[in-house]
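Beneath this line is the structure, given in structure tokens, with notes to follow.
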Amino acid sequence: MSRHVAIVTDSTAYLPPRTMERHGITAVPLTVVLGDRALEEGTEISTRSLAQALQKRRSVTTSRPSPQVFAETYRKVAEAGATGIVSLHLSAELSGTHDAAVVAARDAPVPVRVVDTGMVAMALGFCALAAAEVAETGGTVDEAVTAAEKRAAGTSAYFYVDTLDYLRRGGRIGAAQALFGSALAVKPLLQLQGGRIEPLEKVRTASKAIARLEEIAVDRAGSAQVDIAVHHLAAPERASALADRLRVRVSGLADLHVSEVGAVIGAHTGPGLLGVVVSPR
């Protein structure tokens, strides 16, 4: 067995399966509760099924992994030869996933460092990749954590939603903030700030909001070498068109990922989501 530092994250990182396999990253699934059925993200519920449920206004909630699920994951990773584990998760402001990992880490068979990245989606995924790249070159747990934290500190996430109603219903944005998007029927742009979802700007129409999202991403990227992710839910044409424009406009673009978010994030944003993550290398 090879001896190494292993990287664990959760399913909201939305890393492509081939990327996770290539870098040896393990993702612990969160759960979507659809009516009275609990379904694992990534394997038991599709984004299409989720979007249809949301459009029909069915009850949709989400749930963190249990400490027992994390404990089993850490055990398997250790048995595969890990001498230490870096466990990187979505913002503790948005989910109890980090707390469940902390509980499981106390009795893990190898040392585990649990990190609240303050991120979500590929903003989290880029942190996991940064840590994995350090681990692959023989880096220590501390060095992998430092790489992930540095990546998180420089990463920005912005997104457009058709309505703030889903975020309000899920408790991820307050009622007062929800008014931000309902007053005068404006279209809201949001950002991830301090691990929380915060209003950024109000724009009159969807087309103008998406154009503004593009401008913000280009300005944030500047001339630095950056990785970018474009996320969507049930809006592939929007995402593809935005990605094509960013490829032309961002001079320091290294990698660009286009993907549909999974059911957990989708449950809180609703169909029509369009997000951009800008992550300097």
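What you are looking at is a predicted structure, and each value in this text was computed from that prediction instead of being measured.
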Decide whether [X] and [Y] are clustered together by the hydrophobic rule: side chain heavy atoms of Ile, Leu, Val, Met, Phe, Trp, Tyr closer than 4.5 Å, transitively.
X      : Y      : answer
Ile216 : Leu246 : yes
Val258 : Val226 : yes
Val5   : Val134 : no
Val77  : Val102 : yes
Ile210 : Leu256 : yes

Donor-acceptor pair, [X] side chain versus [Y] backbone, under 3.5 Å?
X      : Y      : result
Asp255 : Asp227 : no
Ser95  : Ala92  : no
Lys187 : Asp162 : yes
Arg238 : Gly272 : yes
Thr31  : Glu40  : no

Nearest atoms (heavy-atom pairs only) where [X] meets [Y]:
X      : Y      : answer
Gln193 : Glu198 : CB-CG, 3.8 Å
Pro16  : His257 : CG-ND1, 4.4 Å
Ala82  : Ala6   : CB-CB, 3.7 Å
Tyr14  : Met122 : O-SD, 3.7 Å
Thr155 : Ala123 : CG2-CB, 3.8 Å
Arg151 : Phe126 : CG-O, 3.8 Å

Hey, what do you get for [atom1] ([X]) to [atom2] ([Y]), rounding to the nearest 0.5 Å?
X      : Y      : atom1 : atom2 : value
Gln225 : Leu253 : CD    : CG    : 9.0 Å
His98  : Phe70  : NE2   : CZ    : 9.5 Å
Thr26  : Glu21  : OG1   : CD    : 11.0 Å
Arg37  : Leu34  : CZ    : CG    : 7.0 Å
Asp219 : Glu214 : CG    : CD    : 10.5 Å
Leu190 : Glu201 : CG    : CD    : 11.0 Å

message: Could you tell me if Glu133 and His23 have a donor-acceptor pair between their side chains, going purely by distance under 3.5 Å?
response: no
Side chain proximity check, [X] to [Y], heavy atoms < 4.5 angstrom:
X      : Y      : result
Leu192 : Leu94  : yes
Val120 : Ser91  : no
Thr62  : Leu30  : no
Arg75  : Glu79  : yes
Ile7   : Glu136 : no
Leu233 : Glu260 : yes
Tyr158 : Arg212 : no

Test of understanding: with side-chain contact (heavy atoms from CB on, under 4.5 Å), list the residues that count as partners of [X], not counting sequence neighbours.
X      : answer
Pro236 : His232
Arg113 : Val141, Asp142, Val145
Thr117 : Leu88, Val115, Met119, Leu124, Cys127

query: Leu273 and Phe159: side-chain contact (heavy atoms from CB on, under 4.5 Å), yes or no, with the steps?
result: CA-CA 7 Å; Leu273 163 74; Phe159 53 105; 3.8 Å; yes
task: List the steps, then state whether side-chain contact (heavy atoms from CB on, under 4.5 Å) holds for Arg64 with Asp99.
output: CA-CA 9 Å; Arg64 70 177 191 180; Asp99 293 343; 4.1 Å; yes
query: Considering the options Arg249, Arg220, Arg245, which one meets the salt bridge (Lys or Arg N to Asp or Glu O under 4.0 Å) requirement together with Glu215?
result: Arg249
field: Derivation and outcome, side chain to side chain donor-acceptor pair (under 3.5 Å), residues His231 and Ser259
entry: CA-CA 5 Å; His231 288 304; Ser259 65; 3.1 Å; yes
